[in-house]
Undergrad: 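The structure's right below; bear with me while I get my questions together.
Atoms considered below: every heavy atom in the structure, side chains included; atoms not considered: hydrogens, waters and symmetry mates. By convention in this document, chain letters (A, B, ...) are assigned in the order of the sequence lines, proteins followed by strands, and residues within each chain are numbered from 1.
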Amino acid sequence: MNITQINVTIAQMLDYTTPILFAALCGVLSENSGVVNIGLDGIMRFGAFFGLLGAYFSHSPWVGLLLGIAVGCAVGALHAFITIRWNGDQTVSGVAVNVIALGLMTYLLEYIFSTTGYSPQLENYFGAQAYRVHLPFLAKIPLLGALSNLSVMIWLAFILTIVLHVLLYHTVLGLRMRTCGENPKAATTLGINVFRVRWFAVIAGAALAGIGGVALSTSSFSGFSDSMPNGIGFIGLAAMIFGKWTPFGAMGAALLFGTGQIVQSIIAVTGIAPNLAPGLTLILPYVLTLAVLAGFVGRSVAPAADGLPYYKEQR
Amino acid sequence: MKALEVREVSKMFPGNLANDRISFSVEKGEIFAIVGENGAGKTTLMNIIYGIYTPSAGTIFVNEKEVKIHSVEDAIRLRMGMVHQEFMLIPRFSVTENIVVGDEPRKGIFFDYTRAVREVRELSERVSLTVDAQATTGDLPVGIQQRVEILKVLRRGAEILIFDEPTAVLTPEETADLFVTMRKLQEEGKTILFISHKLKEVMEIADRIAVLRRGKLQGIVNKKDTNEEELARMMVGRNVVLEIPKLDVPVGDVAFACHDLHVKNSRGYEALKGVSFEVRGGEIVGVAGVQGNGQDELVNAMIGFSRPVSGSMELNRKSMHMVTTAQLRKEGMSYITEDRARRGLVMPYTVRDNAIMGQHLNKPFSRGLRMDYEKVAEFAEGKVKEYDIRPGDIYDTAGSLSGGNQQKLILARELSLPHNFLIASQPTRGLDVGATEFVYGKLLEEKKAGKAILLISLELSEILGLSDRILVMFDGHIVGETTPDKTTEEALGLLMLGVGIDRKVQS
């Protein structure tokens, strides 16, 4: 295995990690304020399709990104409306979002492009050389060389991880969000508007999931496929749990899961364990998450009020 | 000057008038108590004043000016602060984070934690309420957590402080500390509203006392002109016997015995470190101790929830090694829990279903695979009458009942199971005088019937009044055994804190 091969493998791993990380960050943001959003898989699907749509018709992936964020916010607002305004069951609402995304995107794909399965391919997408972040000074350094030529979306994911960490743990808003996620009643007695904070967290989180979808269809791939996001939203949720509901924890987990995705290529390149069944490496994330939930690798405890609707005048 | 006045305030909940035209005023610098049974509307009233609930009618005046309090922000702006019954603290947060959240020192959009810690330290020194500003709140004892709550409201400049049942979770020593704090606040000119159903405490600390019953104000009295009996009568609407009569019952055979019992708590730490005692028929054995000294682990082991690490237990002289809760119950054990919501009842289920839980598989309630709900209903109706469980509809959910009626339902069920040994774990926790009186009466009836009773309680007056023998628990050991006529609350209190105990002798 030479340096180029290693760099390519790392870059590939980061490519897989990115959508998982966006999804996980969506979960971290939303659930720290107390709202479970299992609809983030569906929101990613929205983001993936509309990202492609924007990029395809404008010939600029940036427009796709903006459209993906807008659609993410809109679907997030729907989830917020159901679960915060009307105290609907968060799981049911999330499942509904997933089901809507499944049917609606397939329909739109066929209606707009008159194709099934795959959208037309993009020429201008974040994965294309023209849209990559070129850092030639890194190219010659082993391992870091992988970072010399990455899609802007990959960088965005890692930058947003830091931003989210600062937001949650070093800003006033973050402290208040965590208060709402731990004890909304306490937040109310302190004069914090729980509903407003949760609306913000859910919509901002959904925007992240939307970006994750855009990263899939315009960065990892150069088009939308009807199987997107292929459960990545749920892997993201697993990464969030594995990462104990923190941005950096989620990032570590997403990197691990991303590595799980490329084990196949590593096997192909290195020739280690050639007889390992391909499916086995893909279930790694789930096995790890189960292990975490069962408490084998240190306990992971959700915010205390995570998933609970908040009624202000409840007796 | 009147710091606070409410005029004709009412609050309507669906199907329930929680506050009915209540009017009173509180002078600046006064400690004003509001007493009433559970469900009398005290907490609702406070939540209205503090802006959590919107009143259905009425007006509120602060510093003799009419105000509209639509939200907690409004209340805070009017310099009010509330120390809630269930603490509004986040266990994972540091003390500082808990105190400043909602009104944080900031640098731009950033939270200035260093300055927050400094401010909390300064505040805690100024009002001499000592706390460790950087400690994780959930690790602190309850009394200290309450201090954090008080600091939280003081930091927001509260002039009117509302204490909602603040002593419910405190030990006698912590309560004494709290009263010192309250007096100090009073000296500084703060106005204090003290919500309670513990008349002894109200008589100790309050200047004036308002009594609520079923949402209505029964009257406002000066502490000087009243006494506990009068207050109890106003609260319950009839004479209440707070004195517990002494019953002499011949002591029978050993019903329960344990020897050198060691039990780990949920975190794997040995919380019960070798306990031996026995309980005989016709006697009440009281276990006194500050919460968290092994009582929970003892109960859990006794009811088969957790397995002792070592040691033995016998029920009616049969070894109860590795048996299930069901077997223990079959062998004659009943259990009254303090945790009505999680252990005592299934809140969303009806009174009817809760009444037969535990014997739901027995005849006549169940025949083969089929439940005979007619028999179940008949049984439940009988118990509702016998125990005067209100409102009295067996199809109400257990969760809709008041605390006292929930406890009556638990008693009805547990005492109707065939048993000769009863564990009563804090059987009057959170109950008002009326319901407490009822529970005491039932326990004494049990004793008269020759049942063996283990009474675990944090209330020393309860332990002293009911028990024939008293065991004192401290740090997982039984550090003393005495009888009510040979000890006092003070002496017990010291023992409970481990004062004057040579640990080597004990273990």
Undergrad: What part of Y50(B) gets closer than 4.5 Å to chain A, counting heavy atoms only: side chain, backbone, both or neither?
TA: side chain
Undergrad: Is any side-chain heavy atom of T189(A) closer than 4.5 Å to one of M82(B)?
TA: no
Undergrad: State, yes or no, whether a side-chain contact exists between T171(A) and F110(B) at a heavy-atom distance under 4.5 Å.
TA: yes
Undergrad: Picking from K152(B), R77(B), K107(B), R156(B), which has the most non-hydrogen pairs under 4.5 angstrom with chain A?
TA: R156(B)
Undergrad: Are I109(B) and L173(A) close enough that some pair of their side-chain heavy atoms sits under 4.5 Å apart?
TA: no
Undergrad: Select one option (side chain, backbone, both, neither) describing which atoms of D103(B) are under 4.5 Å from chain A's heavy atoms.
TA: backbone
Undergrad: When you measure from the side chain of R176(A) to the backbone of G102(B), do you find a donor-acceptor pair of N or O atoms at a distance under 3.5 Å?
TA: yes
Undergrad: Taking all non-hydrogen atoms of both residues into account, name the closest pair between L89(B) and N183(A) and its distance.
TA: O-ND2, 3.8 Å
Undergrad: Tell me, do R92(B) and R178(A) make a side-chain contact under 4.5 Å, heavy atoms counted?
TA: no
Undergrad: Identify which of R106(B), E73(B), E104(B) forms the greatest number of heavy-atom pairs closer than 4.5 Å to chain A.
TA: E104(B)
Undergrad: Is the count of non-hydrogen atoms from other residues, nucleotides or ligands lying under 6.0 Å from R214(B) atom CZ greater than 12?
TA: no
Undergrad: What part of F87(B) gets closer than 4.5 Å to chain A, counting heavy atoms only: side chain, backbone, both or neither?
TA: backbone
Undergrad: Hey, mind stepping through L175(A) and E97(B) against side-chain contact (heavy atoms from CB on, under 4.5 Å) and telling me if it holds?
TA: CA-CA 8 Å; L175(A) 183 66; E97(B) 283 173 323; 3.9 Å; yes
